[in-house]
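The next block holds one structure in the form of structure tokens; read it before the comments.
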Amino acid sequence: MKPALMKRVVALSLFATFMAYSMYVYTAGTHLPQAVAFHAKVSAGQRLFQENNCIACHQFYGLGGYMGPDLTNVISATGKGPLYAGVFIKNGTVRMPNFHFTDEEADAVIAFLTYVDAAGKYPAENPRIRWYGTVEDAK
Amino acid sequence: MSDAADNDNVGLWFILLGLCALAGGLVFGTIGASQFLYPGFLQEVPFFKSRPLHVSLVVSWIFLAAVGGIYYYLPRHCGLKLFSDKLARLHFWLFMVTGLAILGCYFSGRFGGREYWEFPAVLSIPIFLSWILFGINYFRTVARKRDTWPVYLWMWGTGAIFFLLTFSEAYLWLFPYFRENIVRELTVQWKAYGALVGSWNMLAYGTAIFVMSRISGDDRPARSNLAFALYFLGLTNLMFGWSHHNYPIPNAPLIRNIGYIVSMSELLLLGRIIWNWRRSLSTYQKYRHQQAYRFLFASEWWIFLNLILALIISVPAVNLITHGTHITVAHSMGSTIGINTMILLASVFCVIEDRVGIRLPAKYSVPVRVGYWLGNGSLLVFWVALIGAGLGRGTYSGGSFQEMMALIRPYLLVFLVSGVGLATGLLLILAPSIRLIYALGFRDRRLVAAVAPPMETTG
């Protein structure tokens with residue numbers, strides 16, 4: 001096979017594999033681990049979370065900015081919960097601006113955080129590390 | 001002046017705009033770093049605004065400088081007149097106007113609230129269109145090349161295609177199917193961003209190979225089997241290596257395992273760097289008087305350091321501690337500043353030295369030399385401080401965020417001071433670069449003549 005043709009074959013094969021893998025990621029690879037309801041209030045909270053650029057300071061599963069804490073399990077964490085989160089959402093702190101949310105808006109953001117919380121645990125609670133470096137039961 | 005020289009001004013405009021974006025990005029980065037320690041600092045631009053301003057401007061710098069270099073090099077040095085100068089100019093103005101609209105949105109507090117692309121989603125449309133214009137122009141231009149393509153032409157084309165793919169993918173959240181499943185939403189988001197970084201790396205590394213070919217006057221390494229093997233290794237990492245960002249997300253184990261295996265393939269790159277170490281040093285001795293080469297040499301060091309860090313944090317067991325900490329920031333700063341920015345500054349000086357010669361007057365070369373050492377030295381301290389802060393955060397076992405922040409405060413202080421040093425160093429490099437690229441792009445003959453004898457076109 002000529003080198004130029006060989007390069008094209010390799011590139012196209014890689015691209016085809018990439019597309020097939022992407023389809024897997026979009027479907028079977030990313031099922032929610034348990035039934036988590038996404039309703040209108042969650043949707044409103046998600047919209048508020050994005051419009052106020054909360055991800056600039058906070059993270060889900062460690063992804064986002066580091067000015068504030070990770071919020072993945074703020075609702076279920078010991079000593080925290082919806083009321084705890086609500087105080088911050090409504091009033092802000094020295095590090096967090098007061099966005100002047102109405103009670104309804106704050107409830108929507110809490111509903112969104114509750115929805116995120118129900119999907120999994122971060123960090124992993126009982127990770128089992130294999131000798132080759134992988135981690136099991138990291139959900 | 002040749003046709004090529006007449007046509008390559010649009011490339012210089014892109015580079016000039018990129019240099020200005022980097023200067024702005026450094027200012028907002030310094031403000032953001034200060035706010036990390038002193039949250040009340042400059043409340044007119046709070047952290048949730050300074051961070052996106054910093055990120056978007058620096059990302060713009062990378063794309064603008066890379067695209068500008070491609071528009072400049074194709075007609076002037078690859079013998080490929082652009083398919084359409086009008087399309088290139090339209091690309092520039094579309095980018096410019098969209099960029100200003102994005103800055104306006106950030107200042108006025110209108111956000112789309114997505115990592116990297118924090119502007120309202122509607123502004124993604126002109127960005128997408130501008131890359132379509134670039135893609136048409138690029139592929140219609142290089143399609144005329146009859147002999148085999150050197151690897152950098154492959155890399156630039158790959159960067160353009162994957163930018164469009166990953167940029168589109170980053171907006172799949174607009175569809176309820178993705179938005180209403182947090183696992184899918186986060187996985188696809190980081191799939192898109194991981195590959196997006198891969199796409200700009202393709203543009204930057206392609207530029208590095210091109211610049212090295214120009215400096216050495218030897219195009220053969222860019223056509224070698226080894227160059228293409230490394231290109232395909234990079235492409236594989238672009239396509240499948242992104243999931244090392246995703247280890248904690250409860251998606252399918254297969255996704256995480258593929259990310260781990262593919263990430264470890266970068267050990268081959270590390271081995272190659274170590275194998276070539278002596279040759280790199282002798283090349284440095286040969287070309288060290290050229291500003292362009294010195295920046296390339298700095299990028300090699302940063303590739304080495306950052307590759308080691310990337311390999312370590314890509315091991316899932318280590319990632320348990322380092323994920324979601326400042327170590328991730330250290331890695332992204334090492335990549336965007338240490339590698340991409342050094343390569344693109346090499347490209348900027350390749351353009352300058354191409355037009356005005358390698359012996360710049362002291363008023364230009366001295367600030368560049370001081371900025372080079374101050375910038376790289378500060379970046380090293382900055383990088384180590386972030387790793388220290390990340391280890392502090394990752395190993396903290398208490399439940400108080402405030403307590404953890406107090407614990408890592410000494411590291412953050414070093415991060416801030418070295419960040420100011422880094423910004424100062426880069427601004428020292430940018431000031432003469434902006435002046436010279438402006439003079440070249442806008443035909444300031446008086447300034448160009450003051451720097452060098454009458455311009456001559458090199459082929």
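Because the structure is a prediction, the values reported are computed rather than measured. In what follows, every chain begins at residue 1, and chains take the letters A, B, ... in the order their sequences are listed.
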What residues form a salt bridge (Lys or Arg N to Asp or Glu O under 4.0 Å) with B/E180, not counting sequence neighbours?
none
Between A/N52, A/T93, A/I55, A/T78, which shows the greatest number of heavy-atom pairs under 4.5 Å with chain B?
A/I55
Under 4.5 Å from a heavy atom of chain A, the part of B/Y177 involved:
side chain
Under a 4.5 Å heavy-atom cut-off, does chain A meet the side chain of B/M404, its backbone, both or neither?
neither
Between B/N181, B/T187, B/V315, who has the most heavy-atom pairs with chain A when the cutoff is under 4.5 Å?
B/N181
When you measure from the centre of the six-membered ring of B/F228, is the NZ or CZ of A/K7 under 6.0 Å away and within 45° of the axis?
yes
With a 4.5 angstrom heavy-atom cut-off, which part of B/Q402 approaches chain A: side chain, backbone, both or neither?
side chain
Going by atom types only, do B/S314 and B/N319 share a side-chain donor-acceptor pair under 3.5 Å?
no
Would the A/F88 and A/Y84 ring centres measure less than 6.0 Å apart?
yes
Segment of B/Y38 engaging chain A (4.5 angstrom heavy-atom cut-off):
neither
Looking at residues at least two apart in the chain, or sitting in another chain, which of them share a salt bridge (Lys or Arg N to Asp or Glu O under 4.0 Å) with B/R184?
none
Does A/L113 offer a backbone N or O that forms a donor-acceptor pair with the side chain of A/D117 under 3.5 Å?
no
Cut-off 4.5 Å, heavy atoms of chain B, and the answer for A/A77 is neither
Side chain / backbone / both / neither for A/L14 at chain B, heavy atoms under 4.5 Å
both
Let's test your reading of the structure: which of B/E185, B/R179, B/Q35, B/R114 forms the most heavy-atom pairs below 4.5 Å with chain A?
B/R179
Most heavy-atom pairs under 4.5 Å with chain B, out of A/F49, A/Y24, A/F18, belong to A/F18
Pair B/S50-B/Y106, side-chain donor/acceptor within less than 3.5 Å:
no
Non-hydrogen atoms of chain A under 4.5 Å away: do they reach the side chain of B/L172, the backbone, both or neither?
side chain
Pair A/Y115-A/Q46, side-chain donor/acceptor within less than 3.5 Å
no
For B/F48, is it the side chain, the backbone, both, or neither that has a heavy atom closer than 4.5 Å to a heavy atom of chain A?
both
Let's test your reading of the structure: which of B/T325, B/N257, B/T236, B/T328 forms the most heavy-atom pairs below 4.5 Å with chain A?
B/T325
Using atom types as modelled and distance alone, determine if a side-chain donor or acceptor of A/T102 lies under 3.5 Å from a backbone N or O of A/E105.
yes
Under a 4.5 Å cutoff for heavy-atom pairs, which residue among B/Q43, B/E169, B/K49 has the most contacts with chain A?
B/E169
Step through it carefully: locate the ring centre of A/Y61, locate the ring centre of B/Y247, and say whether they are under 6.0 Å apart.
no
Among residues 64-76 of chain A, which ones touch chain B with a heavy-atom distance under 4.5 Å?
A/G64, A/G65, A/Y66, A/M67, A/G68, A/P69, A/D70
Option that, when pairs with chain A are counted at under 4.5 Å, heavy atom only, ranks first among B/W190, B/W149, B/Y116
B/W190
With B/R393, which residues qualify under salt bridge (Lys or Arg N to Asp or Glu O under 4.0 Å), at least two apart?
none
What part of B/P52 is in contact with chain A, defined as an atom under 4.5 angstrom from a non-hydrogen atom: side chain, backbone, both or neither?
side chain
Among A/S22, A/C54, A/A28, A/G79, single out the residue with the greatest number of heavy-atom pairs under 4.5 Å to chain B.
A/S22
Heavy-atom pairs under 4.5 Å with chain A: which of B/G109, B/G112, B/G40, B/P46 has the most?
B/G112
One thing to verify: whether A/E51 and A/R47 come together as a salt bridge, which I'm taking to mean a side-chain N less than 4.0 angstrom from a carboxylate O.
yes
Cut-off 3.5 Å, side chains only: do B/R256 and B/N251 have a donor facing an acceptor?
yes
If you define the side chain from C-beta out and look only at heavy atoms, does anything of B/W117 sit under 4.5 Å from B/L196?
yes
Engaged part of B/F111 at the chain A interface, taking heavy atoms whose separation is under 4.5 Å:
both
For the residue pair A/F112 and A/F60, is the inter-centroid distance of their aromatic rings smaller than 6.0 Å?
yes
